[in-house]
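Residue numbers count from 1 along this sequence.
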Amino acid sequence: MSADRFYGSFSSRTAFTEDFSLTVAMGYEFDWYHWGGASPFTVQDPWGSVNLFGLQVRGAFKVAPEWTASVGGIFALAGETDADAGDSIYGGGIASAAWTPSPDLMLGIGVLGVTQLEDDPLVIPIPVVHWHFAEEWEVSTIRRPPASPFVGIDVAWEPVGSNVDIALGIGWQQRRFRLGSTSDPASSEGVGQDQSWAAFASVGYDVAPGVRIDLVGGLTFYEKLQLVSSSGAVQDATVDPNPLLGVFATVSF
C-alpha cells in the first residue's frame, strides 16, 4: 500500500478585545491509496480515494497576565468519494490552557474529544510546548505548517539572520473514514482507518515576508490499517515502514 496526499487549509483570527479572539479554521485533505500484490484484507482494494474536510471555530481568552485558555467546536466529514455524506459526519470539541511566562516559553495542555465513525469517541491529550531554549534553537509542538496532519514535536535550528531553518521531528496521525458502496459485504459502506507514526527532517525557507516553503522527508513507521464492515466485523493489518516525502507552502497575511 502507498498513498498520495494533498492538504489545504485556511484560518482567520479576529481579535475583538485585548483579552478575546476568535479563530475560524478550515482544512481539506485528499488521499489517493494504491494497492498492489496480495491484500492484507479479504478485500483486494479496500478503499481508493478519500476526502476529509474539517471546520473548527475556537475562542481564546486571556484569563490572567500569563495565562490563556481556549475552547472550540469541530465539525468534520470523512469518506470515500462515493460514500454517503450523511454517514461520514462526525464532530467534537477541543479545549486548552497555556502558560506564557516569557516570549521564549509557552507550556500548556489541550484535550481533544471527537466522535468516531462506528467506534467509541476518541479523547486524547495534546501537549503544548514552544520553548526557545537557546539563541538559535527551539523545541515546539506548534511550529509546523498549518496544513500538516501530524501531531507531535520538533527540535529546530533557526540561524540568526538566515531565511533557512532545519528541524527534526516525530509525529502521529490518524484518519477514520466511511467507505462507499461495493459488491463486497466486507467493505461496502463500512469504515476504514489509517493510523501511523512518522520521524522526519524538514527544511524551511522564508521566500518573502509571509511566504514560506517547507520540504519534509522521513520515514513512516508502525502504520496500522483497519477495515470495519457494516456488520461490525474488524480486520487489522500492519504496514511495513515506508519513506515519506512532502512539500508545504504557507502564505500569511
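- Although no hydrogens or angles enter the test, the distance criterion places a donor-acceptor pair under 3.5 Å between the side chain of T141 and the main chain of V129.
- In terms of heavy atoms, I109 sits closest to P125 at CD1-CB, 4.2 Å.
- Counting heavy atoms from C-beta outward, D119 and Y90 have side chains that stay 4.5 Å or more apart.
- Here the OG atom belonging to S9 is positioned 13.5 Å from the OH atom belonging to Y28, to the nearest 0.5 angstrom.
- Of the possible donor and acceptor atoms, one in the side chain of S188 sits under 3.5 Å from a partner among the backbone N and O of T182.
- Between V191 and F177 the shortest side-chain heavy-atom distance does not fall below 4.5 Å.
- Side-chain atoms of E189 do not come within 3.5 Å of backbone N or O of S230 as any donor-acceptor pair.
- With side-chain heavy atoms closer than 4.5 Å counting as contact, directly or through intermediates, the hydrophobic cluster containing V111 also holds V123.
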Legend entry - Verdict with supporting geometry, D84 and R178, salt bridge (Lys or Arg N to Asp or Glu O under 4.0 Å): CA-CA 8 Å; D84 185 278; R178 178 67 63 183; over 6 Å; no
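- You'll find the side chain of V234 stays beyond 4.5 Å of the side chain of L227, heavy atoms only.
- Using a distance-only test at 3.5 Å, with no hydrogens or angles considered, a donor-acceptor pair links the side chain of Q44 to the main chain of G37.
- For Y7 and F248, the distance between ring centers is under 6.0 angstrom.
- Using a 4.5 Å heavy-atom cutoff, the side chains of M26 and Q56 are not in contact.
- Minimum interatomic distance between K62 and P65 (heavy atoms only, all atoms of both residues): CE-O, 3.5 Å.
- For the pair L219 and P243, the tightest heavy-atom approach, listed with the atom from each and the gap, is CD1-N, 4.1 Å.
- Without hydrogens or angle criteria, N242 side chain to D240 main chain gives a donor-acceptor distance under 3.5 Å.
- No side-chain donor-acceptor contact under 3.5 Å links D45 and S39.
- Considering CZ of F133 and CG of L105, their distance stands at 12.0 Å, rounded to 0.5 Å.
- Side chains of H34 and S2: a donor-acceptor N/O pair is absent below 3.5 angstrom, by distance only.
- Counted by atom type alone, S49 and E80 present zero donor-acceptor pairs between their side chains at under 3.5 Å.
- Relative ring orientation between F53 and F75 is described as perpendicular, the plane-to-plane angle rising above 60° on a 0-90° scale split at 30° and 60°.
- A donor-acceptor pair is defined here as one N or O able to donate and one able to accept, closer than 3.5 Å; no such pair exists between the side chain of D154 and the backbone of A156.
- Annotation for F20: atom CZ counts as buried by contact number, over 12 foreign heavy atoms lying within 6.0 Å.
- Under the 3.5 Å distance criterion, the side-chain polar atoms of R5 are left unmatched by any main-chain donor or acceptor of F30.
- Using a 3.5 Å distance cut-off with no hydrogens or angles, the side chains of R143 and S202 do not pair a donor with an acceptor.
- Enclosure of atom CH2 in W131 is not indicated, since only 12 or fewer non-hydrogen atoms of other residues, nucleotides or ligands lie within 6.0 angstrom.
- Note on ring orientation: taking the six-membered ring where Trp is involved, the planes of Y33 and W47 are perpendicular (angle over 60°, cut-offs 30° and 60°).
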Legend entry - Verdict with reasoning, T23 to R58, per side chain to side chain donor-acceptor pair (under 3.5 Å): CA-CA 5 Å; T23 298; R58 189 170 183 175; over 6 Å; no
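- The shortest side-chain heavy-atom distance between L112 and I74 falls under the 4.5 Å cut-off.
- Two different hydrophobic clusters hold V139 and V128 under the rule that ILVMFWY side chains link at heavy-atom gaps under 4.5 Å.
- How far CE of M1 is from CG of L225: 4.5 Å, rounded to the nearest 0.5 Å.
- Counted by atom type alone, Y205 and D214 present zero donor-acceptor pairs between their side chains at under 3.5 Å.
- When atom types are taken as modelled, the side chain of Q235 and the backbone of V228 share no donor-acceptor pair closer than 3.5 angstrom.
- Salt bridge annotation for R175-D31: present, with a cationic side-chain nitrogen under 4.0 angstrom from a carboxylate oxygen.
- The closest side-chain donor-acceptor pair between T238 and E223, if any, does not fall under 3.5 angstrom.
- By the 4.5 Å heavy-atom criterion applied to side chains, Q226 and D236 are counted as neighbours.
- Under a 3.5 Å cut-off, the side chain of S140 and the backbone N or O of I142 do form a donor-acceptor pair.
- Using a 4.5 Å heavy-atom cutoff, the side chains of N51 and E29 are not in contact.
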Inset, instruction - Determine, step by step, whether F150 and L244 satisfy the side-chain contact (heavy atoms from CB on, under 4.5 Å) criterion, reporting the C-alpha distance in whole Å, the side-chain angles of both residues, the deciding distance to 0.1 Å, and the verdict. - result: CA-CA 12 Å; F150 291 102; L244 167 71; 4.0 Å; yes
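- V211 and V164 fall within a single hydrophobic cluster, where Ile, Leu, Val, Met, Phe, Trp and Tyr side chains are chained together by heavy-atom contacts under 4.5 Å.
- Remark: N163 CG to I213 CD1 distance equals 12.5 Å, nearest 0.5 Å.
- To the nearest 0.5 Å, atoms CG (D165) and CD (E138) are separated by 8.0 Å.
- Side-chain heavy atoms closer than 4.5 Å link hydrophobic residues (I, L, V, M, F, W, Y) into clusters, and following such links, possibly through other members, connects F61 to L107.
- F41 and L117 fall into different hydrophobic clusters, defined by Ile, Leu, Val, Met, Phe, Trp and Tyr side-chain heavy atoms under 4.5 Å apart, directly or through other members.
- In this model, no donor atom of one side chain and acceptor atom of the other lie less than 3.5 Å apart for R176 and Q174.
- Annotation: side chain of F6 is not in contact with side chain of W32 (no heavy-atom distance under 4.5 Å).
- How far CD1 of I124 is from CH2 of W172: 4.5 Å, rounded to the nearest 0.5 Å.
- L179 and I89 sit in two unconnected hydrophobic clusters of ILVMFWY residues. Membership requires side-chain heavy atoms under 4.5 Å apart, directly or through other members.
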